[in-house]
Structure formats: structure tokens, C-alpha cells
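Each chain gets a letter, A, B and so on, in the order its sequence line appears, and its residues count up from 1. No hydrogens, no waters, no symmetry mates; every other heavy atom, side chains included, goes into these values.
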There are 2 protein chains.
Amino acid sequence: MSSATQQLQHLLEHAGLRVTQPRLRLLEFFARSSGHFTPEEIWDRLRASGHPISIATLYQNLKTFSEHGLIGEMIGQNGEVRYDTNLEPHAHLVCLRCGRLADITLELPDLRPRGQAQGWLVAQTRVDLQGLCPECQEADLPAP
Amino acid sequence: MSSATQQLQHLLEHAGLRVTQPRLRLLEFFARSSGHFTPEEIWDRLRASGHPISIATLYQNLKTFSEHGLIGEMIGQNGEVRYDTNLEPHAHLVCLRCGRLADITLELPDLRPRGQAQGWLVAQTRVDLQGLCPECQEADLPAP
DNA sequence: TTACGTGCAAACGTTTTGCACAAAC
DNA sequence: GTTTGTGCAAAACGTTTGCACGTAA
């Protein structure tokens with residue numbers, strides 16, 4: 001067993017989860033991928049890589065992993081659920097033309113609302129920027 | 001016919017849409033409501049008010065209306081689609097305990113990303129703040 | 001050996017579609 | 001009279017669940 005796989009094992013053990021083949025494969029996927037993936041995308045890629053797992057097991061483990069803080073869960077631009085290895089708080093930059101999604105770290109000013117909504121206790125902020133990525137600006141097509 | 005209904009008629013005509021009963025009833029709903037509604041909530045309320053419309057017609061018209069800019073479409077905290085009469089750009093304040101959702105107008109600083117994601121052309125920003133509304137802080141329950 | 005995880009198939013809730021009919025223009 | 005919208009029922013979609021079996025601890 002590779003040492004990379006051993007690390008993933010420790011991750012599962014540390015979370016109090018049993019070490020199983022489907023879980024190791026799913027964690028491996030996240031370890032070697034970077035991005036924000038829908039369950040379907042993950043399922044397709046696991047299948048394509050020769051390590052298919054059952055769709056039920058996939059959904060169950062995505063939920064389990066995100067509940068244990070091993071991966072992040074986010075709601076995409078169109079309401080799709082996506083999973084992510086980036087556990088740091090970060091904002092997203094979505095290209096309106098090609099859909100490319102980049103993580104960015106914004107230094108946010110104090111966003112505590114004044115005026116209309118005083119008295120709220122703000123715990124988290126979710127910021128998504130939409131626009132055109134450099135490549136799509138380059139392509140210089142009419143705006144979508 | 002009431003003058004309020006005439007106004008709604010003009011709205012439809014101006015958008016190049018035919019004036020029909022279901023459409024007028026749907027627009028009436030939005031005219032007298034304030035908030036962010038799921039299709040199901042809208043359907044329930046129309047039915048309860050004695051003016052039911054078909055679920056297919058509802059979905060078709062919600063899409064049509066939002067494409068024509070008559071109502072706003074947003075993705076809720078859990079990925080649900082919601083419709084809204086507030087067409088102004090605004091941010092949301094979501095209570096993590098009771099789910100209450102308030103619109104707020106933030107004076108956003110320049111959020112153009114630097115560093116990791118230079119070169120993007122930012123067209124829109126979506127900001128959602130999560131926290132506790134004043135009432136839920138008052139209730140002083142353990143945090144969710 | 002016992003609790004937990006897997007994976008199939010079925011069920012689920014939401015949204016979309018095909019289509020015959022009705023209404024608006 | 002032509003085009004557009006309605007509404008039913010059926011299909012499609014993504015996700016969850018029940019359950020018998022397998023496997024980790």
C-alpha cells in the first residue's frame with residue numbers, strides 16, 4: 001500500500017469512519033483533483049478511471065465526508081450541489097460564458113449590515129462573483 | 001376590471017406576452033406579496049386563495065416571467081429556486097436558525113479580485129450573509 | 001461476532017415535456 | 001384563422017431509502 005493511501009486511511013480513522021475500498025477511492029479522487037464537482041461528475045470520473053462505485057454509496061459518502069469536514073459542500077450557480085477539497089473559507093469567481101469556476105480569497109471588509117437589517121449577528125458570508133474569465137474575454141465573442 | 005389589474009395587463013403586453021388568467025393571477029400574487037418564494041409555496045398560496053393554476057403552467061410562467069425580467073430568480077441557501085419581486089441588485093441575510101430571509105442593500109467595495117485571479121471581468125456579485133436574526137438571538141437557544 | 005458499509009432496486013419530490021384542447025390576438 | 005398558452009398525464013431528473021448481503025474492526 002502506498003504512503004498516500006495510508007494518509008487517506010488515517011484521515012478516515014481520525015474521523016471515526018471505517019476504511020473501505022469505495023471510501024479510499026473517493027478520497028483518492030479528491031486528493032488528486034482540484035475543482036468543484038457534482039456527484040455525477042465524480043461518479044463518471046471514478047467509473048472512467050476503472051474504479052466505479054455505486055451511486056448510492058457515492059451519495060452516502062459525499063454526505064458523510066462533508067459532515068465530518070473532509071470535503072466541502074457548496075451550492076453552485078444553478079443550484080447544483082458541488083463538492084470541493086478547498087476547506088478554507090473562500091469566494092468563487094464564475095465565468096458566465098464557459099462556466100469555469102475559480103476559488104479566490106477576498107479580504108472582505110466588514111459586511112455587517114447597517115440600516116434595514118440591524119441587529120443581525122452575521123456568522124458567515126458567501127460571495128460569488130460572476131463575469132468573464134480571461135480566456136473568454138480573449139475569444140471576444142458577443143456577451144452571452 | 002380594477003386599475004391594478006390593468007397595470008398588470010400592461011406589464012404583460014409590454015413584455016410581448018399574451019394576457020391570460022393564470023398569468024394575471026400569478027402577477028397579482030407577486031404584486032401583493034413580498035419575499036422569496038419557491039414554486040411550491042406560490043402554488044399553495046394561489047390554490048389557498050381560490051385561484052389555483054396548473055403546476056405546469058406555473059413553472060412555465062415563472063421561467064417566462066424571469067426571462068422577461070418581470071420577476072427575479074435566485075438560488076436559496078439549500079439550492080432551491082426562489083422567485084422574488086425585488087428586481088434591484090441586493091444581498092441576502094439568512095437566519096441559520098429560523099430561515100428568515102431579508103434583503104439588504106450593501107455598499108460593496110470594489111470586489112475585483114487581485115492576485116490569484118487577475119484578468120477576470122467581474123460583471124455581478126452575489127453576496128449572501130448567514131447568521132442569526134434578532135428574534136433568534138433573543139430566544140437565546142444553543143446555536144444550531 | 002457485531003456493528004457498519006455497500007449496492008441494487010424501488011421510491012421520492014421536483015421540474016420538464018408531449019400533446020390535445022382552449023383562448024388570445 | 002393562426003399563434004400562443006393551458007393543463008393533464010407521463011417522463012425525466014437528481015437524490016434518498018429499504019433491505020439483504022458483505023466486510024472491517
Query raised in the report: To the nearest Å, how far apart are L17(A) CG and dT6(C) C1'?
Result: 14 Å
Requested in this report: May I ask whether I75(B) and V81(A) are part of the same hydrophobic cluster, defined by side-chain heavy atoms of I, L, V, M, F, W, Y residues being less than 4.5 angstrom apart, directly or through others?
Outcome: yes
Query raised in the report: Can you check the R18(A) CZ to dT6(C) C1' distance for me, whole Å?
Result: 12 Å
Requested in this report: Walk along DNA chain D from 5' to 3' and tell me the first and last nucleotide with an atom closer than 4.0 Å to a non-hydrogen atom of chain A.
Outcome: dG14(D) to dA25(D)
**Report entry** Which residues share a ring-ring contact (aromatic ring centres under 6.0 Å, His included) with H36(B), sequence neighbours left out
**Finding:** H92(B)
Query raised in the report: Between atom OH of Y83(B) and atom NZ of K63(B), what is the distance when rounded to the nearest 0.5 Å?
Result: 7.5 Å
Query raised in the report: Does any N or O in the side chain of H68(A) come within less than 3.5 Å of the main-chain N or O of T64(A), such that one atom is a donor and the other an acceptor?
Result: yes
Requested in this report: To the nearest 0.5 Å, tell me how far F65(B) CZ sits from L27(B) CG.
Outcome: 4.0 Å
Query raised in the report: Near DNA chain C, which residues from residues 64-79 of chain A have a heavy atom under 4.0 Å away?
Result: none
Query raised in the report: Any ion pair linking R97(B) and E135(B) (charged N to carboxylate O, less than 4.0 Å)?
Result: no
Query raised in the report: Taking atom P of dA24(C) as reference, at what distance in whole Å does atom CZ of R23(B) sit?
Result: 11 Å
Query - Step-by-step side chain to side chain contact (heavy atoms under 4.5 Å, CB included) determination, L62(B) to I42(B) - result: CA-CA 10 Å; L62(B) 288 173; I42(B) 299 168; 4.0 Å; yes
**Report entry** Interface with DNA chain D, restricted to residues 31-59 of chain A and to heavy atoms under 4.0 Å
**Finding:** P39(A), E40(A), A56(A), Y59(A)
**Report entry** K63(B), nearest nucleotide to its side chain (from dT17(C), dG7(C), dT16(C))
**Finding:** dT16(C)
Requested in this report: Using ring-ring contact (aromatic ring centres under 6.0 Å, His included) as the criterion, list what pairs up with F30(A), not counting sequence neighbours.
Outcome: none
Requested in this report: Sorted by first residue and then second, give each side-chain hydrogen bond (donor to acceptor under 3.5 Å, both in side chains) pair with at least one member in residues 15-32 of chain B; sequence neighbours left out.
Outcome: R23(B)-N61(B)
**Report entry** Hphob cluster co-occupancy, I53(A) + L70(A), side-chain heavy atoms under 4.5 angstrom
**Finding:** yes
Query raised in the report: Given the rule that I, L, V, M, F, W and Y join up when any side-chain heavy atoms are under 4.5 Å apart, are Y59(A) and L46(A) in one cluster?
Result: yes
Report task. Using the closest heavy atom to pick a nucleotide of DNA chain C for each, name whichever of Q60(B) or T20(B) lands nearer the 5' end. Result -> Q60(B)
